[in-house]
Number of protein chains: 2
Amino acid sequence: MKQEVKSRETQELIINKSFDLFYEKGYNATSIPDIMKKTSLSKGAFYHHFKNKHEIGKKVIEVIIRKRIKEGFIVPLSDINNNVPELLLDVFTNRIKNYSEREKALGCPANNLIGEIGYSEEDFRIILKTLIEEWREALIKTIDIGKYRGEINSKVNSSSTAISLICAFEGVRSVRKVYDDDVIFNEFMESMGSFIKNLGIQQVS
Amino acid sequence: MKQEVKSRETQELIINKSFDLFYEKGYNATSIPDIMKKTSLSKGAFYHHFKNKHEIGKKVIEVIIRKRIKEGFIVPLSDINNNVPELLLDVFTNRIKNYSEREKALGCPANNLIGEIGYSEEDFRIILKTLIEEWREALIKTIDIGKYRGEINSKVNSSSTAISLICAFEGVRSVRKVYDDDVIFNEFMESMGSFIKNLGIQQVS
DNA sequence: AAATAAACATACTATTTAGTATGTATTTTT
DNA sequence: AAAAATACATACTAAATAGTATGTTTATTT
C-alpha cells in the first residue's frame with residue numbers, strides 16, 4: 001500500500017515535469033535527461049514507470065492537457081444560470097485577461113503539440129482529436145441551450161459555430177506567441193466579442 | 001559568373017528541401033543529415049553555404065514562408081475589382097477547398113513553426129511577427145477600401161477584424177491537423193462565411 | 001599558365017540521445 | 001524471517017547529432 005502511493009506520486013511528478021518542459025521547449029526538443037534533471041530522479045526511475053518517450057507524451061496529453069481543457073473550457077460552460085452569450089464571452093474573451101505572462105508567451109499547450117505533429121506521431125493526433133471533440137460537443141450543447149432559451153438565434157448552426165469558436169481561440173493564442181504585447185489579444189477580443197453578440201441577433205442567410 | 005549561378009542554385013535547393021522537411025517533420029525533428037540526404041549533397045556543401053541550422057531556419061522563414069503568405073494571402077487581396085466581402089470570402093474560405101491532402105494534413109507551415117518556438121529561438125519569433133504584420137496591414141487596407149466603397153459597415157473595426165480573420169484561419173488549419181476528414185473545414189467555412197457577410201450589415205455595438 | 005579562391009566531398013570529433021543491463025535498498029508477500 | 005517483488009540508482013551501449021578540419025576539383029583572377 002505504501003509502495004503504491006509512492007509509485008503513483010513518482011509517476012505524477014514525472015508527468016507534471018514533462019508537461020512543463022514540453023510546454024516550454026516543445027516535445028521534440030525535450031529529452032529524457034531533461035526530464036530527469038527537473039524531477040531530480042534517475043533514468044532508472046523513468047524507465048521503470050514508462051516504456052519510452054512516446055508513452056510519456058501520450059500520458060501528458062491524456063492526463064494533463066485533457067484536465068486543462070476540461071477545467072478551463074468545458075466545466076465553465078456548465079454555469080447555466082448565466083446567459084449563453086455571456087458565458088461564451090466569458091470563456092473565450094474575458095478569461096484571456098487573466099492569463100499569466102508565461103501562458104501568453106507560450107500559447108496553448110494542446111495547440112503547440114498539434115503544430116509539432118506531422119505525419120508521424122499518429123497516436124498523439126488521435127488523442128488530441130478526442131479532446132477537441134469533447135470540447136466541441138460541450139460547446140454545441142451550450143449553444144443549443146442558448147437557442148432553446150431564445151438567447152441565441154435559432155438560425156445559428158451550433159456545430160459550425162462551436163468549431164469556429166475553438167479555431168479562433170486556438171488561432172489567437174498561436175498568433176499571440178510571436179508578439180510581445182497584448183495588442184493582438186485586445187483586438188481579437190473586440191472582434192470575437194461582436195461575433196458572439198451577433199449570435200443573438202438576426203443572421204444573414 | 002558561372003560559379004555564382006551554381007552557388008545560388010545550390011542554396012535554393014538546400015532552402016527548398018529544408019522547407020519540405022520542416023513542414024513534414026517539424027524544425028526540431030529535422031537534422032542536417034536529413035537535409036543532406038534530400039538534396040543529395042554533402043555536409044561540406046551545407047556548411048559552405050550556411051553557418052548552422054539556425055541560419056537555414058531563418059532563411060526558410062524569410063524566403064519560402066514569406067513568399068507563400070504573400071502569394072497566397074496578400075496578392076489575392078489586390079484584386080480590387082472584386083467586392084471586398086467576396087474577396088475575403090474567397091481568400092479565407094473558398095481557397096481551402098483547393099488545398100491538397102498533404103496541405104490539409106500538415107497545416108500551415110508558419111503556424112507549425114510558431115507552435116514549435118518557445119522562449120528559445122527569439123530570431124524566428126521576430127521574423128514571423130513581421131510576416132503576420134505584413135499580412136495584417138494588407139488586410140486592414142482591404143477592409144478600409146471596403147468601408148470606403150460602402151461594402152463593409154463603417155462601424156467595423158478594420159484592425160481587430162483583420163487579426164480575427166488571420167487567427168481564425170490559422171486556428172482552423174491547426175485544428176484540422178488532428179482530423180482525418182474535411183468536416184472541420186466545412187463547418188468552419190459556414191461560420192466564417194456568415195461572419196464575413198455580417199461585416200457588410202449593421203453591427204451590434 | 002600560375003596563383004587563388006570558390007564549391008563542394010570525406011573523414012573526423014565531441015556531445016547528446018534513447019534505451020538497456022545490472023545493481024541495491026526498501027517493501028510486500030509467504 | 002526468508003523469498004520475492006518493487007522502486008529506484010548507476011553504469012553502460014549504440015546510434016545520431018552539430019559542427020570542424022582537411023581534402024579535391026573546378027572556376028576565376030592575375
Side-chain angles (χ1 to χ4, degrees), chain A residues 1-22 24-61 113 116-124, chain B residues 1-22 24-61 113 116-124:
Chain A
M1 208 68 250
K2 196 170 150 191
Q3 218 167 30
E4 209 177 309
V5 172
K6 190 88 206 296
S7 174
R8 212 184 50 234
E9 278 173 356
T10 303
Q11 287 183 48
E12 280 171 6
L13 177 68
I14 295 174
I15 293 173
N16 283 321
K17 295 294 181 186
S18 295
F19 169 78
D20 290 345
L21 284 166
F22 293 164
E24 257 177 49
K25 310 179 32 162
Y27 174 76
N28 285 311
T30 301
S31 71
I32 310 286
D34 284 342
I35 298 171
M36 290 356 270
K37 251 172 256 164
K38 274 264 176 181
T39 56
S40 303
L41 287 169
S42 69
K43 231 168 182 186
F46 181 87
Y47 284 99
H48 177 70
H49 291 287
F50 302 95
K51 213 179 108 207
N52 50 35
K53 192 184 169 185
H54 192 84
E55 213 64 29
I56 191 82
K58 284 204 290 186
K59 269 273 179 282
V60 164
I61 304 175
L113 267 170
E116 261 195 89
I117 56 173
Y119 286 130
S120 61
E121 238 90 52
E122 179 79 352
D123 279 10
F124 292 2
Chain B
M1 205 70 249
K2 198 170 150 192
Q3 217 167 32
E4 208 178 310
V5 172
K6 190 85 205 297
S7 173
R8 211 186 50 232
E9 276 174 358
T10 303
Q11 287 183 48
E12 278 171 8
L13 177 67
I14 295 175
I15 293 173
N16 283 320
K17 294 296 181 186
S18 295
F19 169 79
D20 290 345
L21 285 166
F22 294 164
E24 258 178 48
K25 310 179 31 160
Y27 174 76
N28 285 312
T30 301
S31 71
I32 311 285
D34 284 343
I35 297 170
M36 291 355 271
K37 250 172 257 163
K38 275 265 174 179
T39 56
S40 303
L41 287 169
S42 68
K43 231 167 182 184
F46 182 87
Y47 283 99
H48 177 70
H49 292 287
F50 302 95
K51 214 179 107 206
N52 49 35
K53 194 185 168 185
H54 191 86
E55 214 64 30
I56 191 82
K58 284 204 290 185
K59 268 273 178 284
V60 164
I61 303 175
L113 267 170
E116 262 195 89
I117 55 172
Y119 285 132
S120 61
E121 239 90 54
E122 179 80 352
D123 279 9
F124 292 3

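Note that this is a predicted model, so its numbers are computed, not measured. The chains referred to below are lettered A, B, ... by the order of the sequence lines, with proteins before strands, and numbering in each begins at 1. Hydrogens, waters and symmetry mates play no part in the numbers below; they use all other heavy atoms, side chains included.
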How would you list, by chain and number, every residue that makes a side-chain hydrogen bond (donor to acceptor under 3.5 Å, both in side chains) with E122(B), sequence neighbours excluded?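 With sequence neighbours excluded, E122(B) shows a side-chain hydrogen bond (donor to acceptor under 3.5 Å, both in side chains) to R125(B), given in chain and number order.
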
Measure from the side chain of P33(A), starting at C-beta and using heavy atoms only, and say which of dT17(C), dT17(D), dC8(D) lies closest.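 The answer is dT17(C), which lies nearest to the side chain.
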
The side chain of K2(A) lies closest to which of these nucleotides: dA18(D), dT27(C), dA27(D)?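 Output: dT27(C).
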
Report yes or no: does E116(B) contribute a side-chain atom to a donor-acceptor pair with the main-chain N or O of N28(B) at less than 3.5 Å?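 Yes, the answer is positive, given that a donor and an acceptor are paired below the 3.5 Å cut-off.
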
Check step by step if side chain to side chain contact (heavy atoms under 4.5 Å, CB included) holds for I15(A) and F50(A). CA-CA 10 Å; I15(A) 293 173; F50(A) 302 95; 3.9 Å; yes

Would you indicate, yes or no, if dT17(D) has its OP1 or OP2 atom less than 4.0 angstrom from a side-chain nitrogen or oxygen of S31(B)?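 It does, given that an N or O in the side chain of S31(B) lies less than 4.0 Å from OP1 or OP2 of dT17(D).
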
Mind checking what makes side-chain contact (heavy atoms from CB on, under 4.5 Å) contact with [X], not counting sequence neighbours?
X: S7(B); answer: Q11(B), H49(B)
X: K38(B); answer: K17(B), L21(B)
X: H54(A); answer: Y27(A), N52(A), K58(A), E121(A), D123(A), F124(A)

Between P on dA16(D) and NZ on K53(B), what's the gap in Å once rounded to a whole number?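 Rounding to the nearest Å, NZ of K53(B) and P of dA16(D) are 16 Å apart.
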
Quick one: which protein N/O atoms are closer than 3.5 Å to N/O atoms of nucleotides 10-14 of chain C? Pair and distance per line, please.
none

Within the sub-3.5 Å range, which N or O atoms of nucleotides 5-7 of chain D have a protein N or O partner, and how far apart are they?
residue: dT6(D); atom: O2; partner: Q3(A); partner atom: NE2; Å: 3.4
residue: dA7(D); atom: OP1; partner: S7(A); partner atom: OG; Å: 3.3
residue: dA7(D); atom: OP2; partner: H48(A); partner atom: NE2; Å: 2.9

